[in-house]
Amino acid sequence: MPLNIACWVTIFNMSCGFFAIMLEMANQSHAGLLMLLLAFVGDGLDGMLARKHNCASTFGENLDSLSDVIAFGV
């Protein structure tokens, strides 16, 4: 199954959340906050893109939930 644009944005969100955690652990609070803000913006975009391109899927929903846990739950 090829990944659609919404899944790629979700993977970007997950990456931003991961880097925010790593930057905070390295005492780089400003850079960590920037990554968290990028994840927040991307989180709004991925759902919008999935609906716009009619590419919503169960995999995408689960990937989005995992991304939310990493970016905002930790």
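Keep in mind that this is a model prediction, so the values were computed, not measured. Index from 1, following the sequence.
Within the model, atoms CG of Asp43 and OG of Ser67 stand 6.0 Å from one another, a figure rounded to the nearest 0.5 Å. Taken from CZ in Phe12 to CG in Leu45, the straight-line distance is 9.5 Å, to the nearest 0.5 Å.
Under a hydrophobic-cluster definition in which Ile, Leu, Val, Met, Phe, Trp and Tyr are linked whenever side-chain heavy atoms come within less than 4.5 Å, directly or via other members, Val69 and Val41 are assigned to different clusters. In the hydrophobic cluster analysis, where Ile, Leu, Val, Met, Phe, Trp and Tyr join through side-chain heavy atoms closer than 4.5 angstrom, Met48 is grouped apart from Phe59.
Asp64 pairs with exactly one of Leu66, Asn62, Asp68 by the side chain to side chain contact (heavy atoms under 4.5 Å, CB included) rule, that one being Asp68.
When the shell of 6.0 Å around CZ of Phe40 is examined, it contains 12 or fewer heavy atoms from other residues, nucleotides or ligands.
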Residues 13-39 side chain polar contacts: donor-acceptor under 3.5 Å, at least two apart:
unit_1: Asn13; atom_1: ND2; unit_2: Gly42; atom_2: O; d: 3.2
unit_1: Asn13; atom_1: ND2; unit_2: Asp46; atom_2: OD2; d: 3.4
unit_1: Ser15; atom_1: OG; unit_2: Ile11; atom_2: O; d: 3.0

